[in-house]
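Everything on this sheet refers to the single structure shown next.
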Amino acid sequence: MSETSVGANIREALNGQSKRDFIHKLSISQKECDKTIYWLELLFTTEYISKEEFEDVRNQASEILKIIRSIILTTKSKNL
């Protein structure tokens, strides 16, 4: 599942061999987090989860996505 892949790729990024590898692994986490939000939207649209469940988990995933993006941008702004 994409949501578990986010954490696994963050862990892998922390053990990256270089800054480029770190950014690459975080970029994968970013994609997986966005994919998780997509699946949540689909579950909500098909009424599989309630509005409250959707908003709670989507808000958490969105915050994680913002953090990952911020780390990537900060790391890229430093000399590689």
Side-chain angles (χ1 to χ4, degrees):
M1 298 184 85
S2 56
E3 68 276 4
T4 57
S5 180
V6 175
N9 281 294
I10 290 172
R11 174 72 63 91
E12 197 170 339
L14 294 173
N15 295 303
Q17 297 175 346
S18 65
K19 284 186 181 180
R20 289 182 194 271
D21 189 37
F22 176 77
I23 290 169
H24 175 71
K25 298 294 194 277
L26 281 183
S27 296
I28 294 169
S29 287
Q30 177 180 316
K31 291 176 189 177
E32 292 298 319
C33 193
D34 196 44
K35 190 188 312 182
T36 297
I37 294 170
Y38 165 79
W39 288 117
L40 288 168
E41 291 167 351
L42 187 63
L43 291 171
F44 175 65
T45 301
T46 59
E47 299 179 355
Y48 192 81
I49 60 174
S50 70
K51 182 177 181 178
E52 295 78 22
E53 291 171 311
F54 168 70
E55 288 177 351
D56 181 47
V57 179
R58 183 199 56 198
N59 289 340
Q60 291 177 43
S62 294
E63 286 302 311
I64 292 168
L65 186 57
K66 288 177 191 176
I67 292 167
I68 293 169
R69 285 180 177 159
S70 177
I71 293 168
I72 291 170
L73 290 174
T74 300
T75 305
K76 282 183 175 181
S77 72
K78 297 178 181 178
N79 291 333
L80 296 176

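Under the 4.5 Å side-chain criterion, counting only non-hydrogen atoms from C-beta, Leu26 is in contact with Ile10. For the pair Thr75/Phe22, a side-chain contact is recorded, criterion being any heavy-atom separation below 4.5 Å from C-beta on. Counting heavy atoms from C-beta on, the side chains of Arg69 and Ile72 never come closer than 4.5 Å.
Residues Phe54 and Tyr38 do not share a hydrophobic cluster, clusters being chains of Ile/Leu/Val/Met/Phe/Trp/Tyr side chains in contact below 4.5 Å.
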Review point. Taking it one step at a time, do Val6 and Ile68 satisfy side chain to side chain contact (heavy atoms under 4.5 Å, CB included)?
Key: CA-CA 10 Å; Val6 175; Ile68 293 169; 4.0 Å; yes
Exercise for review: Would you please test Glu55 and Phe44 for side chain to side chain contact (heavy atoms under 4.5 Å, CB included) and show each step?
Suggested key: CA-CA 9 Å; Glu55 288 177 351; Phe44 175 65; over 6 Å; no
Exercise for review: Verify side chain to side chain donor-acceptor pair (under 3.5 Å) between Gln30 and Ser27, making sure each step is shown before the conclusion.
Suggested key: CA-CA 5 Å; Gln30 177 180 316; Ser27 296; 5.2 Å; no
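Between the NZ atom of Lys78 and the CG atom of Leu73 there is a distance of 12.5 Å, given to the nearest 0.5 Å. Note that the CG atom of Leu42 and the CD1 atom of Ile37 stand 14.0 Å from one another [nearest 0.5 Å]. The CG atom of Leu14 sits 10.0 Å away from atom CD of Glu12, with the distance rounded to the nearest 0.5 Å. Expressed to the nearest 0.5 Å, how far NE2 of His24 lies from CZ of Arg20 amounts to 13.0 Å.
A side-chain N or O of Ser50 and one of Glu53 form a donor-acceptor pair less than 3.5 Å apart.
Of the possible donor and acceptor atoms, none in the side chain of Thr74 sits under 3.5 Å from a partner among the backbone N and O of Ile71.
Looking at every heavy atom in both residues, Ser29 comes nearest to Ser5 through OG-O, 4.5 Å.
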Show every donor-acceptor pair shorter than 3.5 Å between a side-chain atom in residues 60-67 and any protein atom, with sequence neighbours excluded, or say none if there are none.
from: Gln60; atom 1: NE2; to: Asp56; atom 2: OD1; distance (Å): 3.2
from: Gln60; atom 1: NE2; to: Asp56; atom 2: OD2; distance (Å): 3.3
from: Ser62; atom 1: OG; to: Arg58; atom 2: O; distance (Å): 2.9
from: Glu63; atom 1: OE2; to: Lys66; atom 2: NZ; distance (Å): 3.4

